[in-house]
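Throughout, numbering of the chain's residues begins at 1 and tracks the sequence.
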Amino acid sequence: MTDQNSLSARAWVATALGAPASVLAEQNVAVPAPGPGQIRVRVHAFCLNFNDIDVIRGRYATMPLQPPFVPGMETVGVVESAGLGYEHLIGRRIVGIPQFAHGGYAEYALVEGATALELPDWLSDVDGAAMHYPLHLGWFALHERARLQAGETLLVHAAAGGTGSGALIIGKALGARVIATAGSEEKLEYCRKLGADHVVNYRDPDWVEQVVDLTYGQGVNVAFDAVGGDTTLQTFKCMGLNGRHLIAGWTEDIQLEDKGYITPRAMAYGNFDLCGVCLVYVNDPTAVRRTLGFNWPARSEGQRAHVQLLELLRTGKISTAVGRQLTWDEIPAALEAQEQRQTMGRQVVVIDRG
């Protein structure tokens, strides 16, 4: 191990629960030395996530935090110290998830070692940040959970957003015919540029009929749904025989994850599967299952997926979807724009230390 002292780091701190633009304040915070299974990273870049907004507003029951705290669920940077088990990463540039999925909006971050994935020199900090969760989640959801096959039809909701864009990109790479939904002409055009075969404005009252018509009445094979709520219920009407409907989030309202708005009738009579998607790489999946009752993939599976995704990026078969590259000072306003559904692709913050 190296330096075992805490570091002082500039960070954006949620001083209260509420709108990010109102409660975030720039402060110096102490970032502790890494313990066993942890690494400390000198941060180069990170993405803004919709769940960051949910946490700052205090509406994410799965991860309730009391102010003050530093939000931020992802980080890219160089490992400057490491706890037991991860000393081999010192000096390496990685992308990973901060400890307990917060603390990323800072110049230094304590990262869960099991989530750390090395980045090659040819990949920029921006692309390393932008590829991480959308492409890994898209790969896990479509390749592992849905077992999407070439030639199948994939419906991707909110396909211009940070998560949806990753599913669109991976779906095309796996050989699917992709129908993308979005809420404006600008976003629909963005989906076309990402490779969507068909686009549908979900604000149209007949969007379900449009999707079904695009499948010649057969319904879609796979639906990637990170929206939830009424969008989920309407998507049930789009599913084909033996289809797989992926529940990957609740951007409509995170509190829907604890509300019983889904009943078995649609799946039973529709003869399609409802598939949960939660991606967290861990060292010991059995321990997670016994303690939390969850099934999360092993770090080794994440490393295998990472190699495949990097090769697709290196060969130009896929690319990242970077909507905007942001400076440090733009974070509160950028989160507000993201909450108002005014952004496309990934919003990537690059730390400029002068």
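Under the 4.5 Å side-chain contact rule for hydrophobic residues, V227 and I247 do not share a cluster. Following chains of ILVMFWY side-chain contacts shorter than 4.5 Å, one cannot reach L279 starting from I94, and the two form parts of different hydrophobic clusters. Hydrophobic clustering (side-chain heavy atoms under 4.5 Å, transitive across Ile, Leu, Val, Met, Phe, Trp, Tyr) groups V70 together with L335.
No side-chain donor-acceptor contact under 3.5 Å links D204 to the backbone of D206. Between the side chain of E189 and the main chain of E186, no donor-acceptor pair closer than 3.5 Å is present. Of the possible polar contacts, none joining the Y190 side chain to the A182 backbone as a donor-acceptor pair under 3.5 Å is found. Panel note: side chain N271, backbone L241; no donor-acceptor pair is recorded below 3.5 Å. Of the possible donor and acceptor atoms, one in the side chain of H102 sits under 3.5 Å from a partner among the backbone N and O of F100. With hydrogens and angles disregarded, a donor-acceptor distance shorter than 3.5 Å links the side chain of D52 to the backbone of N49. When atom types are taken as modelled, the side chain of E144 and the backbone of L142 share no donor-acceptor pair closer than 3.5 angstrom. In this structure, the side chain of R40 engages the main chain of P32 through a donor-acceptor pair within 3.5 Å. When atom types are taken as modelled, the side chain of Q347 and the backbone of A334 share a donor-acceptor pair closer than 3.5 angstrom.
Residues E330 and T327 bring a donor and an acceptor atom of their side chains to less than 3.5 Å of each other. Side-chain contact of N295 with R289: a donor-acceptor pair under 3.5 Å is present, judged by distance alone. In this model, no donor atom of one side chain and acceptor atom of the other lie less than 3.5 Å apart for S8 and N28. Of the N and O atoms on the side chains of D225 and T235, not one donor lies less than 3.5 Å from an acceptor on the other residue.
Here the rule is side chain to side chain contact (heavy atoms under 4.5 Å, CB included) with F46, and of V350, I331, V348 only I331 fits it. Screening L194, V156, V178, I318 for a side chain to side chain contact (heavy atoms under 4.5 Å, CB included) involving K172 leaves a single residue, V178.
Two rings, from Y281 and H136, have their centers less than 6.0 Å apart. Centroid-to-centroid, the aromatic rings of F224 and H157 stay 6.0 Å apart or farther.
The stretch residues 117-126 participates, sequence neighbours left out, in these salt bridge (charged side-chain N to carboxylate O under 4.0 Å, His left out) pairs: R92-E118, R93-D125.
Contact check on E339 versus R57 returns a salt bridge, with a Lys/Arg side-chain nitrogen under 4.0 Å from an Asp/Glu carboxylate oxygen. Looking at E112 and R299, no side-chain N of the basic residue comes within less than 4.0 Å of a carboxylate O on the acidic one, giving no salt bridge.
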Test ring-ring contact (aromatic ring centres under 6.0 Å, His included) applied to H306 and W139, step by step: CA-CA 10 Å; H306 195 56; W139 183 267; over 10 Å; no
Test salt bridge (charged side-chain N to carboxylate O under 4.0 Å, His left out) on R177 and D197; report intermediate values, then the result. CA-CA 6 Å; R177 185 171 72 110; D197 298 282; over 6 Å; no
Does E152 form a salt bridge (charged side-chain N to carboxylate O under 4.0 Å, His left out) with R147? I'd like the steps, not just the answer. CA-CA 10 Å; E152 289 191 313; R147 295 177 173 84; over 6 Å; no
